Protein chains: 2
Amino acid sequence: MKKKLSIKDIAEQLHVSKTTISWVLNGKADQYAISKALQRKILKHIEKVGYKPNRMAQGLRTGKSKTIGILIEDISDAFFSTLARRFEEILGKKGYRIVYGSTENNTEITKELIQVFRNHQVDGFIIVPAPGIESTVKELVDEKTPVVFIDRPLSDYDGSCVLVDNFRGTAKAIQHLIDNGYQHIAMVTLSSDQAQMRERERGYQITASEAGMDINVLKIKYHEPKDKAVIQLKNFLNKHKETDALFFATNYLAEIGLETILDLKKNIPDQIGIVVFDDANLFRFFKPSITAIAQPIQSICEQAVQLLFEQLESTSEVSPRIVQLPTSLTIRDSSANRLSKAKIPK
Amino acid sequence: MKKKLSIKDIAEQLHVSKTTISWVLNGKADQYAISKALQRKILKHIEKVGYKPNRMAQGLRTGKSKTIGILIEDISDAFFSTLARRFEEILGKKGYRIVYGSTENNTEITKELIQVFRNHQVDGFIIVPAPGIESTVKELVDEKTPVVFIDRPLSDYDGSCVLVDNFRGTAKAIQHLIDNGYQHIAMVTLSSDQAQMRERERGYQITASEAGMDINVLKIKYHEPKDKAVIQLKNFLNKHKETDALFFATNYLAEIGLETILDLKKNIPDQIGIVVFDDANLFRFFKPSITAIAQPIQSICEQAVQLLFEQLESTSEVSPRIVQLPTSLTIRDSSANRLSKAKIPK
DNA sequence: TTGAAAGCGCTAACAG
DNA sequence: CTGTTAGCGCTTTCAA
């Protein structure tokens, strides 16, 4: 069994002190005027024997772990796992590792995970906040731990945050349905009062009512089992027989919706038009392909990391910043009412 | 700014020694006969002031980080992100955190990530091995770091490993196509000689040739841009005009295949049948829905963690074990040749 | 230009 | 039953 080398071993092998090695390794060699020759010698030796500093010891000493904690709703969800991948790339380049946790948008789990990550001495957090975690986040901020929120702000709390324009994104999508001749658009959303959902609902409400349409919203609970949710949607459609288009406020709800429409053997897009918030790669292979509001995932991640580093690198207090990004509408076949020409003139 | 409490602070507040606290916290209180009353008092106080031990210090002292490194191909891929989620659940319950890395099935990136995680003192690895990482893995094993491979073994190296029966899974799928009357089945796979791909190919070859069919395999490079891959598949189909069914060896290849078939305006399943290795949630919403070979993700993760803990908890050498799990065929519409009845009697 | 030594927060051998 | 003490491997102050 090969034992792991420590800085002490290297120092002895080279007959120099640990300090010297530490300086060379941390780019302070010039500052302390260590001869180029010695620097080279040390670097070469380290390379040869494959020495890498023990990060736990470094961490204990410096109080930094070079690790960022990322809390998202669910790593197995297409949207969140794509976010995770981008964060991994961006932070990896900066020499940071990631630990992540799936919160299920649950207050207790989120609090728990924040605690666990805190004990692991993560240097900062990127959080998709579940409701009600204000107090825990406050502790973090009191300790001057950098935190950035994404996807939604934490209500009653201002911290740096990267959001998309949920209102306008939705409004554009609803308008698109209207332009295509749909006349009875209903919305399926989560029974959550988190900001992103409220904004999407507002986008629907305002756009539809300005067009003189009636407003019908079905709210489904976050963890509702799929079969029950399908029944709720069926009842809803039964009650609102005139509905000729559905806007789903999340990807996951769209799954439920498609399941239902499949059951009901309704034809998309003729009998019913579909638009979904959050795009998925595979949507283009559905038949018909599904129109979706796409979030700029790459930008979201870049901005979030930038906000995080502002806090990480600044010594003084950084005032919270909110960055809002636009969405884009990916128009596919599920929203192309082929009867519209016949209908509009009416 | 609230300062973080250390064990020393607690000791002073309670007028006991650090040792006593450490023992109470690590479940050794009874062993060292610390009075129940004192234990309760300590626990209560710790709870009240919210003290949590600094894991970096613990780690430095014990050499354990309570962190597992997981290397997969790509966290944004549906299959791998679902694996990640299960690992998170299972390991989380055992008090372990996860750091993960996406290797892109690339040798250099994998080696690099293993190094980085090693410096972060992870206690063990679960790895989807890229080719050619034997030497790096060997270093790990020399240091007695527990390692478990999943999805495929590392060639020329025996370590504990959780696999699925790629051969039989594929064979079953091909047989299913044959039973449904398809007569010219081709396979689209990656040009990789990793074991899982070889086994899938073997499953196809043997089953198809036993049925007296011709064998046609198209191999696509791992990182081939989608548009180029589509062209390759088109050329292939052009050359083998008789092809009436395609077996895709991975999820990702299926995307390329569906894109192509869409372009070609071929009808699934009548003109061409489809089966895919690896199931995806959304496959059931495709029209027609896609038949797929599903891997038992939950079991894979459970088994892998078990193999990992065998190594983690044992003091002596653990001889490598290989666990092979069965796949299941999820039959949907893309493989139901509606003309088959007419064909078979011929 | 380099080295000695203190100490980050914790665990565990050893002493009482 | 409880406390004293010696490090784990590293960074950094201070002295030479």
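By convention in this document, chain letters (A, B, ...) are assigned in the order of the sequence lines, proteins followed by strands, and residues within each chain are numbered from 1. No experiment lies behind these values; they were computed from the predicted model shown.
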Return yes if a side-chain donor-acceptor contact under 3.5 Å exists between Gln194(B) and Asp151(B), otherwise no.
no

Once you apply a heavy-atom cut-off of 4.0 Å, does Ser22(A) come out as touching a base, just sugar-phosphate, or nothing?
base

Gln31(A) CD - dT12(D) P separation (whole Å):
10 Å

Do Tyr222(A) and Glu73(A) pair up side chain to side chain, a donor and an acceptor below 3.5 Å, judged on atom types alone?
yes

Polar side chain donor-acceptor pair, Thr107(A) to Thr110(A), under 3.5 angstrom:
no

Is the distance from OP1 or OP2 of dG3(D) to the nearest side-chain N or O of Ser17(B) less than 4.0 Å?
yes

Within this structure, what is the NZ-to-P distance between Lys8(B) and dG9(C), rounded to whole angstrom?
8 Å

The side chain of Arg61(A) lies closest to which of these nucleotides: dT2(D), dT12(D), dT2(C)?
dT12(D)

Distance check needed: dG9(C) P versus Lys52(B) NZ, whole Å only.
18 Å

Out of dT11(D), dC10(C), dT2(C), which has the shortest distance to the side chain of Leu38(A)?
dT2(C)

Of Thr62(A) and Ser35(B), whose nearest nucleotide on DNA chain D comes first from the 5' end?
Ser35(B)

Separation of atom CD1 in Ile10(A) from atom P in dT11(D), rounded to whole Å
13 Å

Can you check salt bridge (charged side-chain N to carboxylate O under 4.0 Å, His left out) on Arg97(B) and Glu88(B), steps first, answer last?
CA-CA 7 Å; Arg97(B) 292 291 96 213; Glu88(B) 186 191 338; 5.4 Å; no

Does Thr20(A) have a side-chain nitrogen or oxygen under 4.0 Å from the phosphate oxygens OP1 or OP2 of dG3(C)?
yes

Cationic tip of Lys94(A) above Phe309(A) ring, under 6.0 Å, 45° of axis:
yes

Specify the separation, in whole Å, of atom CD1 of Ile21(A) and atom P of dA4(C).
12 Å

Scan Leu60(A) against the nucleic acid and name what it touches under 4.0 Å (heavy atoms): base, sugar-phosphate only, or nothing.
base

Between dG7(D) atom P and Ile7(A) atom CD1, what is the distance in whole Å?
19 Å

Measure CG/Leu14(A) against P/dG3(C) and give the value in whole Å, please.
10 Å

At less than 4.0 Å, is any side-chain N or O atom of Tyr32(B) found next to OP1 or OP2 of dC14(C)? Yes or no.
no

Using whole Å, report how far NZ of Lys18(B) lies from C1' of dG7(C).
11 Å

On the nucleotide dT11(C), are OP1 or OP2 found under 4.0 Å from the side-chain N or O atoms that Gln58(B) carries?
yes

Answer with base, sugar-phosphate or nothing: what part of the nucleic acid does Thr19(B) contact at a heavy-atom distance below 4.0 Å?
base

Taking the nucleotide of DNA chain C with the nearest heavy atom to each, does Asn54(B) or Trp23(B) sit closer to the 5' end?
Asn54(B)

Select base, sugar-phosphate, or nothing to describe what Lys28(A) touches, counting heavy atoms under 4.0 Å on all strands.
sugar-phosphate

